2 protein chains.
Amino acid sequence: MIKQTQKRSIETRAKLIRVATEAIAANGHSALRVEEVVKNAGVAKGTFFAHFKDKDALMELIIGAQINEYLDAAEAMTAPDDVDELITRMRPLMNFMTGERYIFDVIVRHSGAAVKEEIGPIAQTFDRTIEIVSAWIAQGQFRKDVSEVLLAEGVQAFAVQAMALHFCAINNQEEMHLRFKTYLQAWLTPTPTK
Amino acid sequence: MIKQTQKRSIETRAKLIRVATEAIAANGHSALRVEEVVKNAGVAKGTFFAHFKDKDALMELIIGAQINEYLDAAEAMTAPDDVDELITRMRPLMNFMTGERYIFDVIVRHSGAAVKEEIGPIAQTFDRTIEIVSAWIAQGQFRKDVSEVLLAEGVQAFAVQAMALHFCAINNQEEMHLRFKTYLQAWLTPTPTK
DNA sequence: GATAATAATTGACCATGGTCATAATTATGA
DNA sequence: TCATAATTATGACCATGGTCAATTATTATC
């Protein structure tokens, strides 16, 4: 019962992704229409859904790839020494994620995998972010009373919170990063006096 | 330019909300259909959208009201002394929020207000949660190096994170609360040894 | 190379949220 | 009480994502 994937199918799928990526580059994520994609790819509508469970699945794929580009860039940098540098490293990615409300919604919706065996592209980038950030934290001047993985998970939680509040009111991106900084200082370099 | 709202309009709106609430009680949030609501309310489809910007706006209203019931219950309790008690206080609300994937998505989508002047029902409950939790934290045995409001915002960030990961894989709710506990211990009672 | 088996594609059709010009109702005021 | 304005309701219509039985293309078998 092994399904033999034909070359034709691989090409069709690639064409759909390419066409969709181009459309997004031109008009933004939220403006993408399935009809438009299949028309420009020269296939029928049903073909689209034979390749992707739904429109969201394709978006997840594309956004996941975009996030990975930012993570590549982040990974290429030196480990941050302090909170300020950590924020600088994450800034481009956070700006991308909040560049369009639609993007952020898709990301949040897919930040957790549906099934353990089948972890989606965006959930994968969350895992990868944890890896990268925890490796950074292990090298920097941060608290040592809890594991760096836990700290990295917290960084992610605060990043999501800062981004969610970014869409609140007329907050601009600079405010978002400031808020993020306040969180991280309290999280990564606490000085409790109970 | 003051719009005079007629009694008829108020009644129609109330009927739509009541009918929708009943339908949700019977079949769950995600199964709600606008067609069904207008049919049972005895009005035309267009009327629905004259009263609510979109289906999401009604959902926000109803879910916001439900959250407020949980907050009422939480507020009636004594302030928690430690992390365990804090989690106990928040447990029913978090269980509700994760009871249906659809509910959580709606909540996250509306956790930030669109405009400062017009803060939505769910965003209001987030504010209220911050108030309640920060008041609790001020009274309990928690770190004092940062403001209780900041700590409360962190509690919320970690709650969202724990809930998002809950949908990941086959994690059950117990695991969610355990994860939440780990976060909160590190956040609220740090013992750094830099 | 004929035939059977499997994979891939098709497009008419459906489900459902949302729009808007028009009609019906209610308030206003002389 | 009637004319006029303002408010509310209507439902045909549209936009768009998604389904599925039927069809076509490819591969395997002899």
Side-chain angles (χ1 to χ4, degrees), chain A residues 1-20 23-24 26-63 100-103 105-106 109-110 114 120, chain B residues 1-20 23-24 26-63 100-103 105-106 109-110 114 120:
Chain A
M1 265 303 147
I2 330 106
K3 60 141 192 277
Q4 290 286 24
T5 305
Q6 305 178 356
K7 185 176 54 171
R8 176 173 60 142
S9 172
I10 294 171
E11 288 168 352
T12 303
R13 184 187 164 91
K15 198 194 295 174
L16 285 170
I17 295 174
R18 179 164 43 75
V19 166
I24 286 171
N27 308 313
H29 293 70
S30 64
L32 189 73
R33 295 287 173 274
V34 173
E35 299 264 20
E36 181 199 7
V37 173
V38 296
K39 197 187 66 184
N40 291 339
V43 300
K45 204 172 190 179
T47 303
F48 182 97
F49 294 97
H51 286 272
F52 308 100
K53 184 185 164 296
D54 50 27
K55 182 185 163 185
D56 232 36
L58 174 61
M59 284 299 330
E60 199 193 348
L61 211 67
I62 293 174
I63 291 179
E100 245 184 291
R101 171 83 220 209
Y102 181 83
I103 297 178
D105 284 345
V106 172
R109 207 162 41 241
H110 293 91
Chain B
M1 263 300 147
I2 329 107
K3 57 144 189 278
Q4 289 288 25
T5 304
Q6 305 176 355
K7 186 175 53 166
R8 176 173 61 143
S9 172
I10 293 171
E11 288 168 351
T12 303
R13 183 188 163 90
K15 197 193 297 172
L16 286 169
I17 294 174
R18 181 163 43 77
V19 166
I24 287 172
N27 308 311
H29 293 70
S30 65
L32 190 73
R33 295 288 174 272
V34 173
E35 299 264 20
E36 182 199 6
V37 173
V38 296
K39 196 187 66 184
N40 291 338
V43 301
K45 204 172 190 180
T47 303
F48 182 97
F49 295 98
H51 285 273
F52 308 101
K53 184 184 162 295
D54 49 27
K55 182 185 162 186
D56 232 38
L58 174 61
M59 283 300 330
E60 199 194 348
L61 210 66
I62 292 174
I63 292 179
E100 246 184 291
R101 171 84 220 208
Y102 180 82
I103 296 179
D105 284 345
V106 172
R109 206 163 41 243
H110 293 92

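Here is how names work: the chains are called A, B, and so on, in the same order as the sequence lines, proteins then strands, and each is numbered from 1. Nothing here was measured: the structure is a model prediction, and the numbers come from that model.
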Colleague: Considering non-hydrogen atoms only, spot the tightest contact between V37(A) and V19(A) and give its length.
Modeller: O-CG1, 3.7 Å

Colleague: Testing the basics here: between V38(A) and A44(A), what is the closest heavy-atom pair and its distance to 0.1 Å?
Modeller: CG1-O, 3.8 Å

Colleague: Could you check which residues of residues 39-46 of chain B get a heavy atom under 4.0 Å from DNA chain C? Sort them by number, please.
Modeller: K45(B), G46(B)

Colleague: Reckon H51(B) has a side-chain N or O less than 4.0 Å from the OP1 or OP2 of dA9(D)?
Modeller: yes

Colleague: Tell me the interatomic distance from Q4(B), atom CD, to dA27(C), atom P, rounded to whole angstroms.
Modeller: 10 Å

Colleague: Answer yes or no: does a side-chain N or O of R8(A) lie under 4.0 Å from OP1 or OP2 of dA8(C)?
Modeller: no

Colleague: Taking atom P of dC20(D) as reference, at what distance in whole Å does atom NZ of K53(A) sit?
Modeller: 13 Å

Colleague: Rounded to whole Å, how long is the line connecting atom CZ of F48(B) with atom P of dT16(C)?
Modeller: 14 Å

Colleague: Once you round it to whole Å, what is the distance between P of dG17(C) and OH of Y102(B)?
Modeller: 8 Å

Colleague: Going through the checks in order, is the side-chain contact (heavy atoms from CB on, under 4.5 Å) test met by H51(B) and I17(B)?
Modeller: CA-CA 10 Å; H51(B) 285 273; I17(B) 294 174; over 6 Å; no

Colleague: Side chain of Q6(A), heavy atoms from C-beta onward: which of dG18(D), dA7(C), dT26(C) has the nearest atom to it?
Modeller: dA7(C)

Colleague: Taking the basic N atoms (NZ, or NE/NH1/NH2) and the acidic carboxylate oxygens, is any pair closer than 4.0 Å for R109(A) and D105(A)?
Modeller: no

Colleague: Between dT9(C), dG17(D), dG18(C), spot the one nearest the side chain of F49(A), thanks.
Modeller: dG17(D)

Colleague: Hey, is the side chain of S9(B) poking within less than 4.0 Å of OP1 or OP2 on dT8(D), counting only N and O atoms?
Modeller: yes

Colleague: Contact class for L32(A) vs. all strands (heavy atom < 4.0 Å): base, sugar-phosphate, or nothing?
Modeller: sugar-phosphate

Colleague: Please report, rounded to the nearest Å, how far the P atom of dG18(D) is from the CZ atom of R33(A).
Modeller: 12 Å

Colleague: Using whole Å, what does the distance between atom C1' of nucleotide dA8(C) and atom CZ of F52(A) come to?
Modeller: 14 Å

Colleague: How long is the straight-line distance from NE2 of H110(B) back to CG of L61(B), given to the nearest 0.5 Å?
Modeller: 10.5 Å

Colleague: Rounded to whole angstrom units, what separation is found between the CD1 atom of I10(A) and the P atom of dT26(D)?
Modeller: 14 Å

Colleague: Specify the separation, in whole Å, of atom NZ of K7(B) and atom P of dT7(D).
Modeller: 18 Å

Colleague: Please report the closest heavy-atom contact between R33(B) and K55(B), naming both atoms and the distance.
Modeller: NH1-NZ, 4.1 Å

Colleague: Nearest 0.5 Å please: distance from the CD1 atom of I24(B) over to the CD1 atom of I63(B).
Modeller: 7.0 Å

Colleague: Check the phosphate of dA9(D) against T12(B), side-chain N and O only, distance under 4.0 Å to OP1 or OP2. Yes or no?
Modeller: yes

